[in-house]
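This report concerns only the one structure given below.
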Protein chains: 2
Amino acid sequence: MNGPVASTPRASWAPSTVDIDALRVALAVVRRKHRAGHPLYRAGQPFRALHLVHVGSYKVCDLAADGREKVAGFKMRGELLGVESIGLPGYACDAVALEDSETWELPCPAVLQAAHDIPGLQEQIAGALAAEIRRDRSWMLRLGTLPAEPRVAAFLMDIAARYAGLGYSARHFILRMTRLDMASFLALKHETVSRVLGHLTDLRYIDVRRREVRLLDVDALRAMACAQAA
Amino acid sequence: MNGPVASTPRASWAPSTVDIDALRVALAVVRRKHRAGHPLYRAGQPFRALHLVHVGSYKVCDLAADGREKVAGFKMRGELLGVESIGLPGYACDAVALEDSETWELPCPAVLQAAHDIPGLQEQIAGALAAEIRRDRSWMLRLGTLPAEPRVAAFLMDIAARYAGLGYSARHFILRMTRLDMASFLALKHETVSRVLGHLTDLRYIDVRRREVRLLDVDALRAMACAQAA
DNA sequence: CGACGCGTTGAGCAGACTCAATCACAGTGG
DNA sequence: CCACTGTGATTGAGTCTGCTCAACGCGTCG
């Protein structure tokens with residue numbers, strides 16, 4: 001995610017993953033399914049549980065009072081949903097399934113109890129929240145300092161790395177979100193995203209057919225994602 | 001102690017504040033002073049403690065491997081520094097004093113122990129981390145959806161609200177950071193920030209003399225900070 | 001005093017946006 | 001089976017906001 005870091009504890013670097021085994025033994029996990037486009041939760045609904053993505057993927061959408069809206073992130077298998085709402089009476093944002101998906105519900109009281117009882121779990125949870133902060137900050141940095149093209153390149157590299165972490169191909173994958181969602185997350189317009197993908201195709205860095213992406217020149221993409229100039 | 005927050009759980013809304021009394025009784029707090037421009041910590045230094053701002057203010061700077069840099073936030077009295085590094089061997093970013101400042105050091109092992117022993121503290125800490133996530137997300141939303149002028153207006157309103165929370169005037173205050181820092185945080189160039197402040201002055205919304213700011217028309221500023229168009 | 005960092009201001013440029021048309025595809029129903 | 005429809009994606013032309021480059025003023029501090 002950040003760089004080629006090896007030999008550090010997982011909870012620090014992995015997306016919002018925690019030690020699932022520890023939680024699974026301690027909690028009575030409820031499975032919840034969501035069809036593509038349907039919400040796992042909406043902003044304002046009572047906050048009573050965290051959710052672990054088990055199948056599929058979700059987007060997290062922040063909303064402002066005046067209607068402005070932005071995709072804050074995408075969550076894949078093994079990642080946690082709802083951590084941003086801890087300490088609030090209701091959820092702070094929306095979580096919507098990008099495809100037919102399934103989560104495990106982790107009720108808050110049970111998690112708190114487990115954090116007390118299971119040694120190390122408290123630290124893992126705090127570590128997962130801190131990792132979420134770092135991930136957000138890392139994207140804030142990119143969105144604030146990179147032009148459109150490197151931004152899209154960085155996004156593709158991020159998705160690729162996460163698929164790789166799940167055992168899927170890092171070179172060939174399906175984008176589960178629309179161009180509009182990508183654009184919102186990247187603070188661009190969907191036309192711009194489309195144009196950039198087109199240009200990356202012209203450069204032979206990638207091959208895109210609608211949602212299907214093939215990375216042809218990972219080194220070039222990585223270089224582009226790091227340098228401010230093209 | 002915290003601020004005039006009404007009728008909602010404190011840990012949820014306050015900046016990165018926690019129940020300081022609970023921590024103070026449990027921890028042997030060490031005071032650390034920093035002159036303007038000097039670091040409280042730098043990215044990579046061993047992470048052993050959180051820090052509570054007691055006097056003055058700090059900026060938090062994220063850095064990318066390729067040298068890109070961005071101010072991720074500003075911390076004032078009562079706010080926590082270092083939470084983003086929880087679970088890592090070293091700090092994930094820099095924290096630099098904007099003026100002569102002082103922090104209370106909260107050693108990690110002691111905090112963890114206290115979180116075990118003091119009922120509710122664990123939740124408060126998790127709540128503080130979640131609040132940090134929400135604050136970052138809230139700025140990501142603004143930076144992604146607002147043009148330069150509303151962005152600066154929103155920034156001024158944010159600073160004003162935080163000063164008000166500390167018992168200072170919300171109408172008249174000193175910006176502790178340079179235009180460059182503001183610009184970095186707002187993902188703008190410092191010339192743009194300068195121009196926007198100039199324009200807000202022309203509009204009689206504010207009065208600026210270098211770092212000194214007076215808010216003349218708070219309603220207009222608030223309106224500007226919320227609407228995407230001017 | 002001189003120097004450097006910070007802040008302001010101006011002119012011109014360019015990258016991303018706006019507006020708009022068109023295309024591809026999946027789902028629906030006749 | 002295919003026309004119809006709506007959403008998502010692509011592409012083009014023109015515009016504009018914020019950036020770049022540059023000069024200058026102010027203040028502070030060595």
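Naming convention: chains lettered A, B, ... in sequence-line order (proteins, then strands); numbering from 1 in each chain.
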How is A:T178 classified with respect to the nucleic acid when contacts are heavy atoms under 4.0 Å: base, sugar-phosphate, or nothing?
sugar-phosphate
Testing the 3.5 Å rule here: is there a donor-acceptor pair between the side chains of A:E99 and A:S57?
yes
Rounding to a whole Å, what distance do you find between B:H199:NE2 and C:dT9:P?
13 Å
Between A:R210 (CZ) and C:dA26 (C1'), how many Å, whole number?
9 Å
Give a yes or no on this: more than 12 heavy atoms of other residues, nucleotides or ligands lie within 6.0 Å of atom OH of B:Y168.
no
Going 5' to 3' along DNA chain D, which are the first and last nucleotides with any atom under 4.0 Å from a heavy atom of chain A?
D:dG8 to D:dA13
Hey, does A:R211 reach any base, or is it just sugar-phosphate, or nothing, if we go heavy atoms under 4.0 Å?
sugar-phosphate
Atom-to-atom span, CG of B:L98 to P of C:dC6 - whole angstrom:
12 Å
Reading nucleotides 10-23 of chain C from 5' to 3' and marking B where a protein heavy atom lies under 4.0 Å of the base, S where only the sugar-phosphate is that close, and - otherwise, the string is BB----SSBBB---
Look at B:R134 together with A:E84 and state whether they make a salt bridge at an N to O cut-off of under 4.0 Å.
no
Go through the structure and list residues passing ring pair (Phe, Tyr, Trp, His ring centres under 6.0 Å) with A:H199, not counting sequence neighbours.
none
Would you say the ring centers of A:Y41 and A:H51 fall short of 6.0 Å from each other?
yes
Do any N or O atoms from the side chain of A:T178 and from the backbone of A:L180 form a donor-acceptor pair under 3.5 angstrom?
yes
Below 6.0 angstrom between ring centroids: does that apply to B:F74 and B:F185?
yes
Side chain of B:T145, backbone of A:R68: donor and acceptor closer than 3.5 Å?
no
